[in-house]
Each structure stands twice: as structure tokens, then as C-alpha cells.
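As C-alpha cells, the structure follows; a few thoughts come after it.
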Amino acid sequence: MGFRGRPVVKVKESLTVRIALTLIFLFAVHHCSTAARRPQSAELVGRWKVEITFANQFSRTLRFEAEASGKGSLLLEGPASNWAEAAKPTTAKWSQSAEQRVTISGPVEFPIGNVGRLAGTLICKGKFDTENSLSGEVALFAPEQDPQDPQVVPSRTGTFKATRVTTAPTSR
């Protein structure tokens with residue numbers, strides 16, 4: 001018999017149960033904290049502000065409207081030339097993998113000065129940083145280039161950062 005007439009076995013069982021419960025609690029806390037740090041499954045559908053910076057520091061901002069089933073539009077934002085007509089949205093395509101990788105592509109035309117234009121197919125490949133931001137690499141292919149050809153070298157390359165726009169667009 002143990003202390004105060006209690007069997008010693010009960011004390012050992014009680015200690016074992018406490019240790020087991022403590023380990024279960026620690027495991028649960030660890031699991032919950034790592035789950036909170038994992039990126040959430042993000043959906044591309046919505047309005048995005050896409051900031052592009054090419055390797056030569058030439059930068060532009062686009063608005064990307066991602067619709068369901070991989071369709072969307074690209075619209076050049078920012079100051080326009082007095083000589084050029086206002087930018088119009090172009091048809092874009094997008095895809096998203098299970099690994100949260102995203103590809104956005106579509107025709108663009110960037111004004112250069114008052115009379116020049118840099119046209120081609122823009123392809124952004126990146127991943128979700130958070131539910132409301134993407135980042136990755138961007139390539140611009142000249143109109144005569146086929147972006148699907150692995151031998152083709154893009155005319156410009158750089159990086160992009162996209163942020164989900166949660167407010168209504170301002171009128172121009």
C-alpha cells in the first residue's frame with residue numbers, strides 16, 4: 001500500500017495519463033500553429049493590380065480582371081499620352097494549378113513616349129504569396145514570336161507583383 005492507503009499503481013497510472021494528455025495537447029498546439037502558417041487555398045477570380053518591372057527598369061501597371069473558367073482582361077493603367085487614344089481592355093487567359101501556381105497571358109501595348117508603342121504577348125508566371133497577392137516572373141514576346149515555342153527568347157523579361165483590388169474601380 002502506498003501513501004494514505006492508496007495503491008502505488010494508481011499513482012503511476014495517473015502520472016502516465018497526465019503525460020499522455022500533455023503530449024496530446026502539445027501536438028494539437030503544434031498542429032494548429034503550423035496550419036495557420038500554411039498558405040490558404042487562394043482563388044484568382046477577381047480584380048488585380050499588376051505592377052510589372054522589366055530588367056531595364058521599364059515599369060508599367062495593369063489591371064487584370066480574372067473571370068471564371070480561365071478568362072479575363074488586361075487594361076493598361078497610369079498616365080496616357082496626349083497623342084494616343086485611351087487604353088482599352090484586351091482579352092486575357094489564366095490558369096491556376098493545385099500548387100497555387102498561376103499563369104496569366106494576353107496581348108498588351110505599352111506606349112513609349114508620345115508616339116512609340118511596345119506591343120506583344122505578355123506572360124506572367126508566379127504563385128500566391130498570400131490570398132491577396134501574387135508575385136513571379138514576366139516575359140513579353142514580340143508580335144511575330146510564338147510564346148509556346150521553347151526556342152523563342154522573349155523581347156523583355158522581368159518580375160511582377162499583383163495585389164487583389166477590393167474596392168470599386170475609379171472612373172477615368
Side-chain angles (χ1 to χ4, degrees), residues 24-80 84-111 117-143 145-172:
I24 291 171
F25 175 75
L26 290 174
F27 176 76
V29 168
H30 174 72
H31 180 70
C32 290
S33 67
T34 57
R37 282 182 278 175
R38 276 189 222 129
Q40 300 296 316
S41 175
E43 177 67 35
L44 191 64
V45 173
R47 181 176 291 129
W48 296 82
K49 177 181 178 180
V50 182
E51 297 169 330
I52 297 168
T53 303
F54 290 106
N56 64 354
Q57 302 306 312
F58 174 74
S59 62
R60 290 291 185 257
T61 302
L62 300 168
R63 183 176 71 211
F64 174 57
E65 298 272 347
E67 301 169 6
S69 69
K71 297 179 182 180
S73 64
L74 290 170
L75 176 65
L76 180 65
E77 290 189 338
E85 64 182 68
K88 296 178 183 165
T90 60
T91 302
K93 298 184 288 186
W94 64 270
S95 62
Q96 182 176 343
S97 71
E99 296 84 35
Q100 301 303 312
R101 297 222 173 262
V102 174
T103 301
I104 302 167
S105 64
V108 293
E109 193 171 279
F110 299 119
R117 299 230 176 242
L118 178 61
T121 301
L122 185 73
I123 298 181
C124 299
K125 291 184 177 185
K127 62 179 182 147
F128 280 92
D129 297 322
T130 67
E131 187 175 334
N132 294 316
S133 70
L134 303 163
S135 63
E137 297 179 356
V138 65
L140 179 66
F141 295 88
Q145 291 180 311
D146 177 10
Q148 302 302 320
D149 183 352
Q151 302 298 321
V152 172
V153 176
S155 62
R156 302 218 178 186
T157 59
T159 59
F160 81 94
K161 175 94 172 133
T163 308
R164 188 181 303 273
V165 178
T166 55
T167 60
T170 58
S171 59
R172 292 186 161 224

- Note on the structure: Smallest heavy-atom separation, Asp129 atom then Leu134 atom, equals OD2-C, 3.6 Å
- Grab the two heavy atoms, one from Asp146 and one from Val152, that are nearest each other, plus how far apart they are. O-CG2, 3.6 Å
- Message: Measuring from atom CD of Glu137 to atom OG1 of Thr157, what distance do you get when rounded to the nearest 0.5 angstrom?
- Response: 8.0 Å
- With rounding to the nearest 0.5 Å, note down the distance linking CD in Gln100 to CD in Glu43. 9.0 Å
- Interatomic spacing from CZ in Arg47 to OG in Ser73 - rounded to 0.5 Å: 9.0 Å
- Would you check if the side chain of Arg63 reaches a backbone N or O of Glu77 as a donor-acceptor pair within less than 3.5 Å? no
- Here the gap from Thr53 atom OG1 to Arg156 atom CZ, rounded to the nearest 0.5 Å, amounts to 12.5 Å
- Message: Looking at every non-hydrogen atom in both residues, tell me the closest pair between Lys88 and Leu75 and how far apart they are.
- Response: C-CD1, 3.5 Å
- Ser155 side chain vs Leu140 backbone, donor-acceptor pair below 3.5 Å: yes
- Message: Test side chain to side chain contact (heavy atoms under 4.5 Å, CB included) on Ile104 and Trp48; report intermediate values, then the result.
- Response: CA-CA 11 Å; Ile104 302 167; Trp48 296 82; over 6 Å; no
- Val153 backbone acceptor or donor facing Gln145 side chain under 3.5 Å: yes
- Query: Less than 4.5 Å apart, any side-chain heavy atom of Val165 and any of Phe64?
  - Reply: no
- Task: Rounded to the nearest 0.5 Å, what's the gap from OG on Ser105 to NZ on Lys125? Could you check?
- Result: 9.5 Å
- Message: Using side-chain heavy atoms (C-beta onward) and a distance below 4.5 Å, is Ser133 in contact with Lys161?
- Response: yes
- Query: At their closest point, which heavy atom of Arg164 faces which heavy atom of Glu131, and how far apart are they?
  - Reply: NH2-O, 3.2 Å
- Look up atom CZ in Phe160 and atom CG in Leu122, then write down how far apart they are to the nearest 0.5 Å. 9.5 Å
- Query: Under the 3.5 angstrom rule, does the side chain of Trp94 hit a backbone N or O of Glu65 as a donor-acceptor pair?
  - Reply: no
- Item | pair Pro111-Leu76: side-chain heavy atoms closer than 4.5 Å | yes
- Ala119 and Pro143 have their tightest heavy-atom pair at O-CD, 3.3 Å
- Okay, side chain of Arg60, backbone of Val50: is any donor-acceptor separation there less than 3.5 Å? no
